[in-house]
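Below you'll find the structure, written out as structure tokens, and then a few comments.
Order of the sequence lines fixes the chain letters, A, B, ..., with proteins taken first and strands second; residue numbering starts at 1 for each chain.
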Amino acid sequence: MIYLWAFVVGGLICLIGQLLMDVGRLTPAHAMTVLVVAGAVLDGFNLYDPLIRLAGAGATVPITSFGHALTHGALMEAQTHGLIGVITGIFEVTSAGISSAIVFSFLAALLFKPKG
Amino acid sequence: MTAHSADDRKAQQEYRLLVREKRPPKPVIRNAVRAFWVGGLVCDLGQWIQGLYMRWGGFDREAAANPTVATLILLAVLLTGFGVYDRLAQWAGAGLAVPVTGFANAMSSSAIEARSEGLVLGVGGTMFKMAGPVIVFGVVAAFFVALVRTLLVRLSG
């Protein structure tokens, strides 16, 4: 059942991204930016966690979850350390994604030749 | 409003209509269908990997999301290196751009292409060229959302 929800929710988020580009005439970079900000704002209203509980990877794999994780880290730290936590906590949850993307991309640049 | 500028505006509008008429129609429905099922499949792949980490890695459901994302990123970087990801992404559009794999693809393809300009200025300086906007706007949005919410919670008690 979780696979069905992951497929439907993840697919719908991608579909929204495609419509932003085709109908909204946004560049891919603008569309991704809109989705990330949307994820950050949804988490501010506690609306993204229910989506994760429903759809699992369907909500954690799309780029919207990056915005959600940024807000989430900031809110978590703010709860324990006060207002300064908003700054210290932003990258708390997203470390895995950003760090691995940097390390693997760097290694790939050493290993692979540009194509085309 | 002078008659002249009204004429101008009319001409501009006619021109816009003409451009819209001559532009080949975007296959909106086809693109949307592709984005939906390819994006859905990528998420299901993530769900499957997450299940592996939960079963064999001793992660609970929430903690398994991190290694899952890292694994998807590794796969995307490898596929980018072999020149496969960009070809698939051209076909699938947002279906491969919106998942975290698209983020990894943007970073690794920038890094690989800039290799000839050197490690520091090329790879290091260019890696975030396409992925940068997502990080900048994500962080700024998260900052203000978290700030406002923290302040509201404080004020209300």
Side-chain angles (χ1 to χ4, degrees), chain A residues 2-3 6-15 17-19 21-23 28-29 31-33 35-37 39-41 43-44 55-58 60-63 65-67 70-71 74-75 78 83 86-87 89-90 96-98 100-102 104-106 108-116, chain B residues 26 28 31-32 35-44 46-47 50 65-70 72-74 77-78 80-83 86 93-95 97-100 102-104 107-108 111-116 123 127 130-131 133-135 137-139 141-143 145-150:
Chain A
I2 185 72
Y3 281 96
F7 183 87
V8 170
V9 171
L12 280 178
I13 296 174
C14 294
L15 189 148
Q18 188 70 49
L19 291 180
M21 293 192 276
D22 283 356
V23 181
M32 297 307 129
T33 304
L35 288 175
V36 167
V37 172
V41 172
D43 192 55
T60 57
V61 168
I63 198 76
S65 88
F66 183 63
L70 290 168
T71 302
L75 286 173
L83 217 48
V86 171
I87 280 290
I90 282 187
I98 299 213
S100 59
I102 293 176
F104 296 148
S105 295
F106 184 80
L110 301 182
L111 291 172
F112 293 103
K113 296 259 174 296
K115 298 274 186 300
Chain B
K26 274 199 174 184
V28 173
N31 287 353
F36 177 76
W37 75 261
V38 176
L41 272 189
V42 175
C43 292
D44 266 353
Q47 191 65 51
Q50 189 173 327
N66 278 332
T68 301
V69 163
L72 284 173
I73 286 174
L74 177 62
V77 169
L78 286 174
T80 303
F82 288 116
D86 292 82
V98 171
V100 72
F103 180 75
M107 283 181 63
S108 53
I112 292 169
E113 266 160 46
R115 175 70 180 89
S116 59
V123 176
M127 192 183 278
M130 285 193 280
V134 163
I135 297 186
F137 280 88
V139 168
F143 173 77
V145 169
L147 184 70
V148 167
R149 210 179 114 165
T150 305

Residues forming a ring pair (Phe, Tyr, Trp, His ring centres under 6.0 Å) with F36(B), sequence neighbours excluded: F7(A)
Per-residue contact mode, F106(A) against chain B (heavy atom under 4.5 angstrom): both
Shortest non-hydrogen contact between L70(A) and A142(B), atoms and distance: CB-CB, 3.5 Å
Candidate pair V145(B) and D43(A), rule side-chain contact (heavy atoms from CB on, under 4.5 Å), full reasoning: CA-CA 9 Å; V145(B) 169; D43(A) 192 55; over 6 Å; no
Residue V41(A) versus chain B: region with a heavy atom under 4.5 Å: both
Heavy-atom pair count under 4.5 Å with chain A, highest-scoring of V42(B), L78(B), N31(B), I135(B): N31(B)
Option that, when pairs with chain B are counted at under 4.5 Å, heavy atom only, ranks first among S100(A), A109(A), G56(A): A109(A)
Contact origin within M130(B) toward chain A - heavy atom pairs under 4.5 Å: neither
Between P28(A), G44(A), G97(A), the one whose heavy-atom pairs under 4.5 Å with chain B are most numerous: G44(A)
Contact leader toward chain A among V38(B), N66(B), V69(B), where contacts are heavy-atom pairs under 4.5 Å: N66(B)
Under 4.5 Å from a heavy atom of chain B, the part of L12(A) involved: both
Selection from I102(A), T60(A), I98(A) maximising heavy-atom pairs under 4.5 Å formed with chain B: I102(A)
Value rounded to 0.5 Å, distance of OG1 in T68(B) from CD1 in I73(B): 11.0 Å
Residue L111(A) versus chain B: region with a heavy atom under 4.5 Å: neither
Side chain / backbone / both / neither for L72(B) at chain A, heavy atoms under 4.5 Å: side chain
Distance in Å, F103(B) CZ paired with F66(A) CZ, rounded so as to fall on 0.5 Å steps: 5.0 Å
Rounded distance (nearest 0.5 Å) linking atom CG of D86(B) with atom OG of S108(B): 8.0 Å
Greatest number of heavy atom pairs closer than 4.5 Å to chain A - which of A141(B), G81(B), A111(B), G46(B): G81(B)
Euclidean distance, E113(B) CD relative to T80(B) OG1, rounded to 0.5 Å: 10.5 Å
Over all atoms of both residues, closest heavy-atom pair of A40(A) and G138(B): CB-O, 4.5 Å
From L15(A) atom CG to L19(A) atom CG, the distance as rounded to the nearest 0.5 Å: 5.0 Å
Nearest-0.5 Å distance, OG of residue S65(A) to CG of residue L35(A): 11.0 Å
A55(A) portion near chain B, given a 4.5 angstrom heavy-atom threshold: backbone
Full working for side-chain contact (heavy atoms from CB on, under 4.5 Å) between F143(B) and V86(A): CA-CA 6 Å; F143(B) 173 77; V86(A) 171; 3.6 Å; yes
Largest heavy-atom contact set with chain B, pairs under 4.5 Å, which of A74(A), A78(A), C14(A): C14(A)
Contact class of V134(B) relative to chain A, heavy atoms under 4.5 angstrom: both
Choice from L83(A), V23(A), V9(A) maximising heavy atom contacts with chain B below 4.5 Å: L83(A)
Portion of V61(A) that has a non-hydrogen atom of chain B nearer than 4.5 angstrom: both
